[in-house]
Number of protein chains: 2
Amino acid sequence: MTVRRHDPDRRSRIIDVCLDLIAEVGVAGVSHRKVAAAADVPLGSMTYHFTGMDELLREAFGRFSRGVSDGFEQRMSEATDLTTARAAVVEIITRDVFGTHRDLVLTHELYTLAAREPAYRELTNAWMARSRAALERHFDPVTARMLDALIEGLTIHRALDTEAPRPETVTEAVRRITAAG
Amino acid sequence: MTVRRHDPDRRSRIIDVCLDLIAEVGVAGVSHRKVAAAADVPLGSMTYHFTGMDELLREAFGRFSRGVSDGFEQRMSEATDLTTARAAVVEIITRDVFGTHRDLVLTHELYTLAAREPAYRELTNAWMARSRAALERHFDPVTARMLDALIEGLTIHRALDTEAPRPETVTEAVRRITAAG
DNA sequence: GGGCGATGTGTACGAGCGTACGCAGAGTGG
DNA sequence: CCACTCTGCGTACGCTCGTACACATCGCCC
């Protein structure tokens, strides 16, 4: 009948496609059938590779948050002193994190899940812990914590507000937070 | 047959119940039928009072965001000088905004919708504009903007992180941001 | 009192969903 | 070349969904 396709990356590809689909239509709009169609795999593959929608979602968001964290750490590891560290934070806010609409949407979808279900909160916890750790390479723990929150807030407002904060505002905010107490 | 119940607040009650339901099971889990059952109205009332799910959701989140904004303005209007204004902001972060789990979840659900659909972004825009205006009663526009973002970030982290930022951290962050440039 | 809009409701239909499950077919040991 | 196993797939079932629509009931005006 149909050619039995032997691609060992199928499971992984399903996860990627699932993320794309979530970004497009939201967690609410995702179904086994749609993912299967988008990934060009038979419906049966869904139940074969994943015990259910929940497992798929958790793996997808795990992959996503790890990816964002990687970028964050990368960016911070390139800084060598206070000045470059500050600049790195500004870069993260204004370019990295939600550089793409996809990332923005996915982040909020994850937060929404995390707000309701503890299982997903483990993902956000790990994510935030890694962010803070990366920031603590250059700032004291308390400042790192504030910075992390500031990054979060500015990025969200940049995305959800019509008039985004101007670059100078971001730079100034980072300066104030990182100014020695 | 069934007693025709004449309550003129039915439409309004449906909206309230819808918000509760969203908080409980998420936008994804809400359906006409569930709302109808929870509000104790016949299924037909749904289509009678609302053209569709979208209208219901938009009205519900409109009511919600207006309510939160009201609280925000209230709190800020009580401040009289820099010290009390700072304290008010701290209060907002640590107690008001997402004092209840319900508010937290609803906010994220709204953000998620806003991230994808412009129609809902109008709600978040208005919300943020009002927040900023309230802050500008006590702070210059640029500082107000930063503060708004900081409030956002700290509140989210307070909700989605296992180890919430300590109260002193919040106070200190507000102090740094509002310190004269 | 009787007719008639307006208001509100019950029901039925078709679409889309997750999941279970029987079965095809490739690989392998004899 | 056969038999058996294990990977992977197609299909069908039962359910929930949004929506349309025919109909009941109320208040009002003549």
Side-chain angles (χ1 to χ4, degrees), chain A residues 1-62 109-110 112-113 116-117 119-120, chain B residues 1-62 109-110 112-113 116-117 119-120:
Chain A
M1 189 51 68
T2 31
V3 170
R4 143 91 142 253
R5 305 210 262 97
H6 180 50
D7 55 338
D9 301 337
R10 171 165 295 188
R11 203 185 125 95
S12 178
R13 184 155 44 87
I14 290 175
I15 294 174
D16 283 336
V17 165
C18 180
L19 278 176
D20 286 340
L21 206 56
I22 292 171
E24 196 179 333
V25 299
V27 169
V30 168
S31 71
H32 277 174
R33 283 172 160 85
K34 285 182 189 169
V35 176
D40 191 30
V41 301
L43 177 59
S45 276
M46 293 293 119
T47 50
Y48 180 74
H49 287 292
F50 305 91
T51 62
M53 204 65 203
D54 230 52
E55 180 178 332
L56 175 55
L57 284 182
R58 217 146 37 215
E59 294 223 23
F61 280 115
E109 293 281 355
L110 174 56
T112 300
L113 287 176
R116 196 178 356 264
E117 295 178 42
Y120 292 92
Chain B
M1 190 45 68
T2 31
V3 170
R4 142 90 141 255
R5 304 208 263 99
H6 180 50
D7 55 337
D9 300 338
R10 170 165 297 188
R11 203 186 124 94
S12 178
R13 185 156 41 89
I14 290 175
I15 294 174
D16 283 337
V17 165
C18 180
L19 277 176
D20 287 340
L21 206 55
I22 292 171
E24 197 179 332
V25 299
V27 169
V30 168
S31 70
H32 277 175
R33 284 173 160 85
K34 286 182 190 167
V35 175
D40 190 30
V41 301
L43 177 59
S45 277
M46 293 293 120
T47 51
Y48 180 73
H49 288 292
F50 305 91
T51 62
M53 204 64 205
D54 230 52
E55 181 177 332
L56 175 54
L57 284 182
R58 218 146 35 215
E59 294 223 23
F61 280 116
E109 293 280 355
L110 174 56
T112 301
L113 288 176
R116 196 180 353 267
E117 294 179 41
Y120 293 93

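The analysis underlying the following values was restricted to heavy atoms, covering all of them including side chains, and did not include hydrogens, waters or symmetry mates.
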Worksheet item: Between A:R33 and A:H49, which has a closest nucleotide on DNA chain D that is more 5'?
Response: A:H49
Item to complete: Figure out the CE/C1' separation between A:M53 and C:dG16, and round it to whole Å.
Response: 14 Å
Discussion item. Within this structure, what is the CG-CG distance for the pair A:L57 and A:L19, rounded to the nearest 0.5 Å?
Written reply: 9.0 Å
Worksheet, complete the sentence: Rounded to whole Å, OH of A:Y48 lies from P of C:dG22 at a distance of 17 Å
Discussion item. Please determine whether a side-chain nitrogen or oxygen atom of B:S31 lies at a distance below 4.0 Å from atom OP1 or OP2 of D:dC17.
Written reply: yes
Worksheet, complete the sentence: The dot-bracket string of DNA chain C, counting Watson-Crick and G-U wobble pairs with both distances under 3.5 Å, using [ ] for crossing pairs and | for pairs to another strand, is ||||||||||||||||||||||||||||||
Practice prompt. Measure from the side-chain N and O atoms of B:R116 to the backbone N and O of A:A23, and report whether any donor-acceptor pair falls under 3.5 Å.
Written response: yes
Worksheet entry | Length of the NE2-C1' vector between B:H32 and C:dA15, whole Å | 16 Å
Worksheet, complete the sentence: Which of C:dG8, D:dC9, D:dC17 is nearest the side chain of A:R10? It is D:dC9
Item to complete: List the steps and the verdict of side-chain contact (heavy atoms from CB on, under 4.5 Å) for A:F61 and A:V27.
Response: CA-CA 11 Å; A:F61 280 115; A:V27 169; 4.0 Å; yes
Worksheet item: Is the shortest side-chain N/O distance from A:S45 to OP1 or OP2 of D:dC9 below 4.0 Å?
Response: yes
Worksheet entry | Inter-residue atom distance A:C18.SG - A:K34.NZ, 0.5 Å rounding | 12.0 Å
